Amino acid sequence: MPHLKPRLPRGFRDFLPEAMLKRDYVITTVREVFHRYGFEPLQTPVLELRETLFGKYGEDAEQLIFEAQHGRSDKDPLAMRYDLTVPLARVVAQYENDLKFPFRRYQIAPVWRGERPQRGRYREFYQCDADIVGVGSMAADAELISLLVTVLQRLGFVEVVVKINNRKLLTGMGQYAGVETAQLADLYRSVDKFDKIGADGVAEELRGRGIAPAVVARMMTLLQAQGPGLAALDAAETLMQGSAEAREGIAELRDMAQHMAALNIPPAFYEFDFTMVRGLGYYTGPIFEAVFKGGGMGSISGGGRYDQLIGMFRKESLPTTGISLGIERFIDLMDDLNLYPAHIGGTVVQALVTIFSEDTRAESTRLAAELRAAGLCTELYMAEGKLKLGKQFEYADKKRIPLVVILGSDEIAQGVVKVKRLADASETTVPRADLPAALRHLLPA
RNA sequence: GUGGUAGUAGCUCAAUGGCAGAGUACUUGAUUGUGGAUCAAGUGGUUGCGGGUUCGAGCCCCGUCUACCACCCCA
């Protein structure tokens, strides 16, 4: 009988149990922090109406959207969600009477983009978004940075920095330097490469885009108004007194900095960087992006304020700011850096109950049932073949089950159970009734 | 979407155009109340897939798929 070669579409992945347990650890950590900051869960469908998604991201991005249909209809063209932000905007406009504002929601769910895959970059990937709808204050933006830094710390990241900029400042810079409004998008694209191609590279690219050399020179001075902490803002402000929009952007960043200080965010985790630009067209105010200092991965988180987006679905927009945590990149980096706690990633099983012989199988089965009733994740040995304790231990060892429970004829006669902890080969014998407590005591913290 | 590198046993990799191999993993045994270590034996392949050149192709050529890298863009 002919069979199909098993394979996956490009950029899509399976996750076997060990990898899945590591993913769960990261997602659970993120969810706990979301709750800690008072965000509520939201779920939306994988598919949206095509019209909901198109016209929100810009032409380049929209070529990456997966479109969907079923075999019998060409009505209601559909598309797979490209991010979680536009679905949020739709939900806010659709259910505004049912929501309590400010609306703080989080969503952890897969999104799809038809990009050419690479490490840390897939066609199906999870985003973990937290957004605050209905707050124009920079207090909201500062909370998102605080939340992000908390997640990064909880996962064990050290060599990470959150770069912060402001769209108004970038626009103001461009206008102040004399860049035509129509060329602002080109300007952003080139400026964003500052890290990669350096000041000279950016200047060259800007000239190549037809921007006058004198304008480019002014632009480069503005961009390089760097400095530690608030000093960068002082330098930029001095240079850009003439631009109302730039002054507004700087004032927002100062405001944000005050809230961040009060939130006790370690200053080593963030910096103001006027060369950081985010691609998505809908940002209007502060923007932020986290990068691993070791490089090789692009941004591991990104977000910003998009005060106009909800206006695409509603008469009046609502001020909104949001952040997206790139857990796929967290996970790839954590694999590289070995940041998982030792007990994450083996198995969910806490104890294996062995079968000593056919005569004692029923007793072992009853014991497994007792352990499960007591809340312990318990596997009862079931592999086919001869019942040899050696095999059963080997099975537990390979599967990284921490505890092995032995109930042989001697133990049954005495009303006790023997437990071996594989990590240190220690054996403990306890009265049967005490077994659940004993197992809990022996498990890794 | 553009350009580049690679693909051989489950995994990591060998093999001048001339018999497709090693390490590791896996199975069994040494070991009839106990995993890891050691020793022995064994299983495992349409060399990603499809064409072409050649007496002969893992190796050369074309196409294709996938992964990775650099762009583009982004989580």
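The structure presented is a predicted model; accordingly, all values stated were derived computationally and were not measured. Letters A, B, ... are given to chains in the order of the sequence lines, protein chains preceding strands, and every chain is numbered from 1. Computed from heavy atoms alone, side chains included, the values below leave out hydrogens, waters and symmetry copies.
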message: Just the rounded figure in Å: distance from C1' of rG1(B) to CZ of R113(A).
response: 16 Å
query: Y188(A) OH to rC73(B) P: how many Å, rounded?
result: 15 Å
- prompt: Rounding to a whole Å, what distance do you find between K388(A):NZ and rA30(B):P?
  reply: 6 Å
- request: Determine the Euclidean distance between corresponding C1' atoms of rU46(B) and rU8(B); express it in Å to zero decimal places.
  value: 12 Å
message: So, OP1 or OP2 of rC26(B): does either fall under 4.0 Å of a side-chain N or O from K398(A)?
response: yes
- request: Would you indicate, yes or no, if rC73(B) has its OP1 or OP2 atom less than 4.0 angstrom from a side-chain nitrogen or oxygen of R189(A)?
  value: yes
Interatomic distance where CZ belongs to R81(A) and P belongs to rA75(B) [whole Å]: 15 Å
- request: Classify the nucleic acid contact of R121(A) as base, sugar-phosphate or nothing, counting any heavy atom under 4.0 Å across all strands shown.
  value: base
message: Any base atoms under 4.0 Å from I327(A), or only sugar-phosphate, or nothing? Heavy atoms, all strands.
response: nothing
statement: I406(A) has its side chain closest, among rG33(B), rA75(B), rC68(B), to rG33(B)
field: Aromatic stack F125(A)/rA75(B): centroid gap under 5.5 Å, interplanar angle under 30°
entry: yes
query: Is there a Watson-Crick or G-U wobble partner for rU12(B) with both distances under 3.5 Å, and if so, which one is it?
result: rA22(B)
query: Base, sugar-phosphate, or nothing for G303(A), non-hydrogen atoms under 4.0 angstrom?
result: nothing
message: Assuming nearest nucleotide by heavy-atom distance, tell me which of S409(A) and G114(A) is located more 5' along RNA chain B.
response: G114(A)
- line: Checking N1-N3 plus N6-O4 or O6-N4 for Watson-Crick, or N1-O2 and O6-N3 for wobble, each under 3.5 Å, the partner of rC72(B) is none
message: Does the structure show a Watson-Crick or G-U wobble partner for rG50(B), both distances under 3.5 Å? Name it, or say none.
response: rC62(B)
query: Given side chains that start at C-beta, do those of L352(A) and V405(A) come closer than 4.5 Å, heavy atoms only?
result: no
- request: Could you check if a side-chain atom of I401(A) sits within less than 4.5 angstrom of a side-chain atom of L422(A), using non-hydrogen atoms only?
  value: no
query: Is any side-chain N or O of Q118(A) closer than 4.0 Å to OP1 or OP2 of rA70(B)?
result: yes
message: By the 4.0 Å heavy-atom rule, please label F356(A) as base, sugar-phosphate, or nothing.
response: base
message: Work out how far the P atom of rU47(B) is from that of rC11(B), and round it to whole angstrom.
response: 15 Å
message: Say we look at rU31(B) and rG23(B): how far apart would their P atoms be, to the nearest angstrom?
response: 25 Å
task: Look at all strands and tell whether K193(A) reaches a base, only sugar-phosphate, or nothing, counting heavy atoms closer than 4.0 Å.
output: sugar-phosphate
query: Just checking Q392(A): base, sugar-phosphate only, or nothing, at a heavy-atom cut-off of under 4.0 Å?
result: nothing
message: Does R116(A) contact rU2(B) through a side-chain donor or acceptor facing the base, at a distance under 3.5 Å?
response: yes
- prompt: On a whole-Å scale, what distance lies between the P atoms belonging to rG1(B) and rC55(B)?
  reply: 40 Å
query: What is the distance from CZ of F330(A) to C1' of rC74(B), rounded to the nearest Å?
result: 15 Å
For atom CZ of R421(A) and atom C1' of rG36(B), their distance in whole Å: 16 Å
- prompt: Okay, side chain of R13(A), backbone of L8(A): is any donor-acceptor separation there less than 3.5 Å?
  reply: no
Distance, rounded to the nearest Å, where I108(A) contributes CD1 and rA75(B) contributes P: 17 Å
- request: Tell me whether the centres of the aromatic rings in Y57(A) and Y82(A) are closer together than 6.0 Å.
  value: yes
message: Need to verify one output field. Residue with the more 5' nearest nucleotide on RNA chain B, A423(A) or E328(A)?
response: A423(A)
- prompt: Contact class for L422(A) (heavy atom, under 4.0 Å): base, sugar-phosphate, or nothing?
  reply: base
task: For nucleotides rU43(B) and rG10(B), find the distance between their P atoms and express it as a whole number of Å.
output: 15 Å
task: Would you mind classifying the nucleic acid contact of Y395(A) as base, sugar-phosphate or nothing, using non-hydrogen atoms under 4.0 angstrom?
output: nothing
message: Please classify the nucleic acid contact of R278(A) as base, sugar-phosphate, or nothing, using heavy-atom distances under 4.0 Å.
response: sugar-phosphate
message: What contact category does G120(A) fall into here, base, sugar-phosphate, or nothing, at under 4.0 angstrom with non-hydrogen atoms?
response: base
- prompt: Do the side-chain N or O atoms of K420(A) get closer than 4.0 angstrom to the phosphate oxygens (OP1, OP2) of rG33(B)?
  reply: no
message: Looking at R10(A), I'd like to know whether one of its side-chain N or O atoms comes within less than 4.0 Å of OP1 or OP2 on rU66(B).
response: yes
query: Given that both distances must come in under 3.5 Å, which nucleotide forms a Watson-Crick or G-U wobble pair with rA41(B)?
result: rU27(B)
Pairwise P distance for rA6(B) and rC13(B), with rounding to whole Å: 14 Å
query: Is the number of heavy atoms from other residues, nucleotides or ligands within 6.0 Å of NZ (K386(A)) greater than 12?
result: no
query: Taking atom CZ of R209(A) as the centre, does the number of heavy atoms from other residues, nucleotides or ligands within less than 6.0 Å exceed 12?
result: yes
- request: Could you tell me which nucleotide pairs with rA67(B) by Watson-Crick or G-U wobble geometry, both distances under 3.5 Å, or answer none if nothing does?
  value: rU5(B)
field: salt bridge (Lys or Arg N to Asp or Glu O under 4.0 Å) between K399(A) and E379(A), intermediate numbers included
entry: CA-CA 11 Å; K399(A) 203 166 156 181; E379(A) 179 169 352; 2.6 Å; yes
- request: Report, as yes or no, whether the 6.0 Å neighbourhood of atom CZ on F15(A) holds more than 12 heavy atoms from other residues, nucleotides or ligands.
  value: yes
query: Whole Å only: how far is the CD atom of E427(A) from the P atom of rU34(B)?
result: 10 Å
message: I want to verify a distance call: between rG33(B), rC71(B), rC74(B), whose nearest atom is closest to the K196(A) side chain?
response: rC71(B)
query: Is any side-chain N or O of E394(A) under 3.5 Å from a base N or O of rU34(B), one able to act as donor and the other as acceptor?
result: no
task: Considering only atom C1', compute the distance from rC59(B) to rU53(B) and round it to an integer number of Å.
output: 13 Å
query: What does E411(A) touch in the nucleic acid at a heavy-atom separation under 4.0 angstrom: a base, only the sugar-phosphate, or nothing?
result: base
- prompt: Which whole number of Å gives the distance between the P atom of rA25(B) and that of rU38(B)?
  reply: 8 Å
Face-on cation placement of R104(A) at F39(A) ring, 6.0 Å and 45° thresholds: yes
Salt bridge present between E204(A) and R207(A) (N-O < 4.0 angstrom): no
- request: Name the nucleic acid region contacted by A425(A), choosing base, sugar-phosphate or nothing; use a 4.0 angstrom heavy-atom cut-off, strictly under.
  value: base
Donor-acceptor pair present, K391(A) side chain and rU34(B) base, under 3.5 Å: no
- request: May I ask you to say what D83(A) touches in the nucleic acid, namely base, sugar-phosphate or nothing, with a heavy-atom cut-off under 4.0 Å?
  value: nothing
